[in-house]
Amino acid sequence: MQLFGSYTSPYVRHCRIALAETGLRCEFIESDTRTSAERSPSQKLPFLQDGELLLTDSSSILRYLREKAGQSFFPSLRDYDDFCLTNTLMDAAQILLVLERDGLTPEQSPYLERQRRRIDTCLDALAQRPLSGQAPYNDFELRLGCVLAWGRYRDRFSFQQYPSLTELLEGLDQYAPFADTAPPQ
């Protein structure tokens, strides 16, 4: 089994955490956009190759890893919806980052302004969710932690005004599978 991705991607990080938690053997292959364009129809990272099986989205990869290890993937619809909301937060932040690198800002585009507002509304909603203070963390909490850590790492959004989100990330920073998958400084 091979997982292709980058060390800074929160989606890849979550898959690496799941691998650490499940103990499944998998080779991590650091990859870039060229590799994903050549090997994955989605042209994004991560993707996972296990024999003939190719999975091209972190959500399907996580489900596969959890089920392969005999674990459940989102036993609750609420947790799955919160996971999806966290993905929306990450997507909005990533869109802004990429387009700002191209010189486009929310002040220039109603679409980008909507993305900026979406970050705020997602953080507001996620801060209202019940969160664990310690391991074991569920996949919603792990995904949220990966996204928050990415936001902190890239200095993309602030969440200090949300004590529950700050506490979650502080707890995860002490959790070995999370700490061990942090991007290199």
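Quick caveat, the model's predicted, so the values are computed rather than measured.
Taking Asp82 as the reference, Arg78, Arg129 meet the salt bridge (charged side-chain N to carboxylate O under 4.0 Å, His left out) condition, with sequence neighbours excluded. Not counting sequence neighbours, the partners of Asp50 by the salt bridge (charged side-chain N to carboxylate O under 4.0 Å, His left out) test are Lys68.
Counting heavy atoms from C-beta outward, Asp173 and Arg152 have side chains that approach closer than 4.5 Å. Inter-residue side-chain proximity for Glu170 and Gln174 is flagged as unmet; no heavy-atom pair is nearer than 4.5 Å. In this structure, the side chains of His14 and Asp139 come closer than 4.5 Å at one or more pairs of heavy atoms. Between Cys146 and Thr181 there is no side-chain heavy-atom pair separated by less than 4.5 Å. Between Cys26 and Leu24, the closest side-chain pair of non-hydrogen atoms is not below 4.5 Å. With contacts defined as side-chain heavy-atom distances shorter than 4.5 Å, the pair Leu112/Ile95 qualifies. In this structure the side chain of Arg143 reaches within 4.5 angstrom of the side chain of Leu62, judged on heavy atoms.
In this model, a donor atom of one side chain and an acceptor atom of the other lie less than 3.5 Å apart for Gln108 and Thr105. A donor atom on one side chain and an acceptor atom on the other are not found under 3.5 Å apart for Ser31 and Arg39. Of the N and O atoms on the side chains of Gln2 and Gln49, not one donor lies less than 3.5 Å from an acceptor on the other residue. Under the 3.5 Å distance criterion, with hydrogens and angles disregarded, a donor-acceptor pair is assigned to the side chains of Glu21 and Tyr175. Side-chain contact annotation: Thr121 with Asp124, donor-acceptor N/O pair under 3.5 Å absent.
Separating the CE atom in Met1 from the OH atom in Tyr64 is a distance of 6.0 Å, to the nearest 0.5 Å. Rounded to the nearest 0.5 Å, atoms CD (Gln94) and OH (Tyr11) are 5.5 Å apart. Going from atom OG of Ser158 over to atom CG of Asp120 covers 10.0 Å, rounded to the nearest 0.5 Å. With rounding to the nearest 0.5 angstrom, the CG atom of Leu55 is 12.0 Å from the CZ atom of Phe4. The distance from atom CD of Glu113 to atom CD of Glu107, rounded to the nearest 0.5 Å, is 7.0 Å. Here the straight-line distance linking atom CD of Gln115 with atom SG of Cys122 works out to 9.5 Å at 0.5 Å rounding.
The shortest heavy-atom contact between Leu148 and Leu165 is CD1-O, 3.8 Å. Nearest heavy-atom pair across Ser36 and Phe47 is CA-CE2, 3.9 Å. For Ala20 against Pro177, the heavy-atom pair with the smallest separation is CB-CB, 4.0 Å. Minimum interatomic distance between Cys15 and Leu65 (heavy atoms only, all atoms of both residues): O-CD1, 3.9 Å. Counting all heavy atoms, side chain and backbone alike, Ser59 lies closest to Phe83 at OG-CE2, 3.3 Å. Here the closest heavy-atom approach between residue Leu96 and residue Pro106 is recorded as CD2-CG, 3.8 Å.
With Ser132 contributing its side chain and Tyr137 its backbone, the two residues share no donor-acceptor pair below 3.5 Å. In this structure, Arg16 contributes its side chain and Ala182 its backbone to no donor-acceptor pair below 3.5 Å. Not one N or O on the side chain of Glu167 forms a donor-acceptor pair closer than 3.5 Å with the backbone of Leu169. In this structure, the side chain of Thr22 engages the main chain of Leu19 through a donor-acceptor pair within 3.5 Å. The main-chain N or O of Asn138 is found under 3.5 Å from a side-chain atom of Glu141 such that the two form a donor-acceptor pair. At distances below 3.5 Å, at least one donor-acceptor pair connects side-chain atoms of Ser60 with backbone N or O atoms of Asp57.
Within a 6.0 Å radius of CG in Asp155, no more than 12 heavy atoms belonging to other residues, nucleotides or ligands are found. The environment of CZ in Arg154 is crowded: more than 12 heavy-atom neighbours from other residues, nucleotides or ligands sit within 6.0 Å. Heavy atoms of other residues, nucleotides or ligands lying less than 6.0 angstrom from CZ of Phe28 number more than 12. Within a 6.0 Å sphere centred on CD of Gln134, other residues, nucleotides and ligands contribute 12 heavy atoms or fewer. More than 12 non-hydrogen atoms from other residues, nucleotides or ligands lie less than 6.0 angstrom from CZ of Arg116.
Both Tyr111 and Ile119 sit in one connected hydrophobic cluster of ILVMFWY residues. Membership requires side-chain heavy atoms under 4.5 Å apart, directly or through other members. Cluster annotation: Ile17 is connected to Leu89 through the hydrophobic network of ILVMFWY side chains, with a link wherever side-chain heavy atoms come within less than 4.5 Å. Hydrophobic clustering (side-chain heavy atoms under 4.5 Å, transitive across Ile, Leu, Val, Met, Phe, Trp, Tyr) groups Leu123 together with Leu97. Residues Leu45 and Met90 do not share a hydrophobic cluster, clusters being chains of Ile/Leu/Val/Met/Phe/Trp/Tyr side chains in contact below 4.5 Å. Under a hydrophobic-cluster definition in which Ile, Leu, Val, Met, Phe, Trp and Tyr are linked whenever side-chain heavy atoms come within less than 4.5 Å, directly or via other members, Ile61 and Leu53 are assigned to the same cluster.
Note on ring orientation: taking the six-membered ring where Trp is involved, the planes of Phe157 and Trp150 are tilted (angle from 30° to 60°).
Among the candidates Leu131, Asp81, Leu85, the single residue satisfying the side-chain contact (heavy atoms from CB on, under 4.5 Å) test with Phe140 is Leu131.
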